[in-house]
Amino acid sequence: MATFIVLLGPPGVGKGTQAKILAEDSKLVHVSSGDLFRENLKNQTELGKLAKSYMDKGELVPDDLTICMIRERISRSDCRTGAILDGFPRTPAQAAALDRMLFDFKSHVDAVPFITAPLEILVERASGRWTCRANGHIYHEMYHPPRQSGVCDEDGSELYQRDDDKVETVRNRVNVYNKQTMPLVEYYRGQGCLIEIDGTKDVKQVTENLFLALRQFYR
Ligand code: AP5
C-alpha cells in the first residue's frame, strides 16, 4: 500500500524545508503545489499565468485548477509508492478531492503533521527566504545562509526572493490560511491522522520532533 503524508501548516512555517528532508529519508516523492505553480509560471504555461494573478496577491488559486494539477501529478508512476504532499490540500474541497483521488488509487491519507508557529516567526522566515532557481533548494539569510551569497550550495544556481514573500503579502497569505485552510485541522483530527508539531524550534529540532512523532504514530 502506498504512503501519503500531508504536511499542513501556515505559510513560511517550514513545510517545504521539512518535506525535502522527509522525502529524502523516506524515498517518497515531494509534491509541492506551490513549486508546481512556480514551474508552470517559469515555463509560461496558461496555468502558470493564471496562477500568478492569485499568487501575487497571496490568494489561493481556484480549487478546480489546483485539484486538476495535483491529480495529474500524483497519477504519475513516481507516486505509485506514495508522496509527501506540501501545500495541498488547502481547502475542504481540495481535501475531499484528495480523498477521492487516493480512493481511486486504493489508498488514503496516512498521516498529517501539522506544523505551527506564531505570525511574527512566519513573517520573519518568509521575508528572509532565498530559493534556488534551478531546483527549489531553500535558504534563509539568517537561519540557513548559503556559503556564498546569492548562490545555491547544492547546484550553484542563482538564489532569488519570491514575489509573494513581501511582508504585506505574507500577512495576507496568513489571513487566507486562517480562513480557508484552518478547517482542515479539525477534518484530519476527526480522521485520527493529525500530528501536532511545534515549528518554533530550529530546523534540526523540528526534524527530530517530526521523525519521532511519525515513528510513534506508525508504531
Ligand atoms: P506555497 O509555495 O505552497 O507557499 P506556502 O504554503 O505559503 O508555504 P511557503 O512555501 O511560503 O513556506 P513553507 O512552510 O514551505 O516554508 P519553508 O520551508 O520554505 O504557495 C504559494 C502560493 O501558491 C499560495 O499563496 C497560493 O497562491 C498558491 N497555492 C499553492 N498551493 C495551493 C493550493 N493547494 N490551493 C490554492 N492555491 C495554492 O521555510 C520558510 C523559510 O524559513 C526558509 O527561508 C527556511 O530556510 C526557513 N526555515 C524553515 N524552517 C525553519 C526553522 N525551523 N527555523 C528557522 N528557519 C526556518
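Excluded from the calculations below are hydrogen atoms, water molecules and symmetry mates; all remaining heavy atoms, backbone and side chain alike, are included. Bear in mind that the values here come from a model prediction, so they are computed numbers and not experimental data. As the structure lists them, so they are numbered: ligands from 1, and atoms in each ligand from 1.
In this structure, ligand 1 sits under 4.0 Å from heavy atoms belonging to P10, P11, G12, V13, G14, K15, G16, T17, S33, G34, F37, R38, M55, E59, L60, V61, T66, G87, F88, R90, Q94, R125, R129, I138, Y139, H140, Y143, R162, D164, R173, K201, D202, V203, V206.
Between E208 and K204 there is a salt bridge, with a side-chain nitrogen of the basic residue lying less than 4.0 Å from a carboxylate oxygen of the acidic one. Using a cut-off of 4.0 Å between Lys/Arg side-chain N and Asp/Glu carboxylate O, K27 and D78 are scored as not salt-bridged. Of the charged side-chain nitrogens involved, at least one lies within less than 4.0 Å of a carboxylate oxygen, so that R189 and E196 count as a salt-bridged pair. The pair R90-D63 does not count as a salt bridge, with every side-chain nitrogen at least 4.0 angstrom from each carboxylate oxygen.
Heavy atoms from other residues, nucleotides or ligands lying under 6.0 Å from CZ of R80 number 12 at most.
Checked against salt bridge (charged side-chain N to carboxylate O under 4.0 Å, His left out), K42 has no partners two or more places apart in sequence or in another chain.
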